[in-house]
Amino acid sequence: MRTRFAALALATSLFAASSASAQTHFTFVNGGTTSAYGYSVGPYAGLMGNPGSQQSVVLNCVDFFHHVYAGQQWDANLSSLATGTGIGTWSRSGNINLYKEAAYLTNMYGTAGINSKDIGNIQISIWNLFANTNLSLQSGGTKSGSYWLTQAAANYGSMNMNGWFVVTDVNKQYSNSVQEFLMWNPSSSTVSPEPASLALFGTGFAGLAAFRVRRKRKS
């Protein structure tokens, strides 16, 4: 069966928490500056919040089989990587360890001395956590292609997940075209992770350039 999926993105930023609605509004703005296999990879750019109170956030795509476009908007629920609250209920995947590995890999974009091939391989590794993309890891990086996924599997358990949340389109259960992020809120380690108690605002937003991906998958 040929299926089109919505983009699954990983959002990271600095946030502060306040009491409010479970739903947070997101808008994609534009794509990043690095590409691999013709797709934007690494951090993107966009906006969080409603018009008039929007803040910037940094996003990372983790689902190769989804598509997003500049200006796309949605409302999202929050799940906690620190406690597991909401994982499998609000999130697309029920495997919290995959999200933790993806969170670890986003930190690898800042590794000193890496090049664009490394960034592409980090992104491909993130995509392949959730589904096989059939993309080969690129040669020409400062590290072997398999290095990044090996590092994530070995080290994600030592990463402090306080402040990390999965942000999932509220229409998850009704549509294949939903968006999802991992969001980092390092300033809220004592905040309850339940979606009904959180409203977040952040600094530095990133949007995602439009792209569409189709692949065959088994029904």
Side-chain angles (χ1 to χ4, degrees), residues 3 5-26 43-44 46 48 57-66 68 74-108 122-123 125-133 148-149 151-202 208 217:
T3 308
F5 296 84
L8 175 65
L10 176 75
T12 61
S13 185
L14 301 180
F15 294 91
S18 62
S19 59
S21 163
Q23 298 179 13
T24 303
H25 194 71
F26 290 89
Y44 306 121
M48 183 177 72
V57 291
V58 178
L59 308 171
N60 285 275
C61 177
V62 299
D63 192 338
F64 179 74
F65 296 99
H66 292 81
V68 293
W74 69 96
D75 293 312
N77 286 316
L78 305 178
S79 305
S80 171
L81 291 191
T83 67
T85 302
I87 299 295
T89 301
W90 297 116
S91 64
R92 290 180 60 88
S93 172
N95 190 333
I96 191 171
N97 290 335
L98 294 184
Y99 290 114
K100 290 180 177 180
E101 288 188 49
Y104 181 88
L105 284 168
T106 63
N107 288 335
M108 297 296 95
I122 293 169
Q123 180 70 82
S125 297
I126 292 172
W127 283 333
N128 283 334
L129 285 171
F130 296 90
N132 182 12
T133 65
W148 305 106
L149 200 55
Q151 288 296 301
N155 297 306
Y156 79 88
S158 63
M159 182 174 168
N160 186 349
M161 293 296 166
N162 286 330
W164 283 91
F165 299 89
V166 181
V167 179
T168 309
D169 188 340
V170 297
N171 295 311
K172 161 188 169 286
Q173 60 268 57
Y174 306 115
S175 171
N176 283 330
S177 298
V178 302
Q179 311 303 324
E180 188 166 66
F181 304 85
L182 273 175
M183 181 172 65
W184 181 39
N185 179 6
S187 65
S188 68
S189 60
T190 61
V191 175
S192 168
E194 296 184 10
S197 69
L198 296 180
L200 304 177
F201 57 94
L208 185 58
R217 294 189 61 173

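We're numbering straight along the sequence, starting at 1.
Shown here are the side-chain contact (heavy atoms from CB on, under 4.5 Å) partners of Glu101, two or more places apart in sequence or in another chain: Leu129, Leu149, Ala152, Ala153, Tyr156. The side-chain hydrogen bond (donor to acceptor under 3.5 Å, both in side chains) test applied to Thr168 returns Glu180, not counting sequence neighbours. Legend: residues meeting side-chain contact (heavy atoms from CB on, under 4.5 Å) with Ile96, ordered by chain and number and at least two apart, are Leu81, Ile87, Lys100. Checked against side-chain hydrogen bond (donor to acceptor under 3.5 Å, both in side chains), Asn128 has the following partners two or more places apart in sequence or in another chain: Thr133. Every residue was checked against the side-chain hydrogen bond (donor to acceptor under 3.5 Å, both in side chains) condition with Asn107, not counting sequence neighbours, and none meets it.
With contacts defined as side-chain heavy-atom distances shorter than 4.5 Å, the pair Leu98/Phe130 qualifies.
Rounded to the nearest 0.5 angstrom, Thr83 OG1 and Phe165 CZ are separated by 8.0 Å. Between the OG1 atom of Thr89 and the CG atom of Asn77 there is a distance of 10.5 Å, given to the nearest 0.5 Å. Atom CG of Asn132 is separated from atom CH2 of Trp127 by 13.0 Å, given to the nearest 0.5 angstrom. Taking OG1 of Thr24 as the reference point, atom CG of Asp75 lies at 8.0 Å (rounded to 0.5 Å). Note that CH2 of Trp74 and CG of Asn171 are 12.0 Å apart. Values are rounded to the nearest 0.5 Å.
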**OP:** In sequence, state the C-alpha distance, the side-chain angles, and the governing distance for Trp148 and Leu105, and then conclude on side chain to side chain contact (heavy atoms under 4.5 Å, CB included).
**Re:** CA-CA 7 Å; Trp148 305 106; Leu105 284 168; 4.0 Å; yes
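Contact record, Ser91 with Ser79: N-OG, 4.0 Å, taken as the closest heavy-atom pair. Considering every non-hydrogen atom in both Asn162 and Ala82, the closest pair reads OD1-CB, 3.4 Å.
Not one N or O on the side chain of Tyr99 forms a donor-acceptor pair closer than 3.5 Å with the backbone of Trp164.
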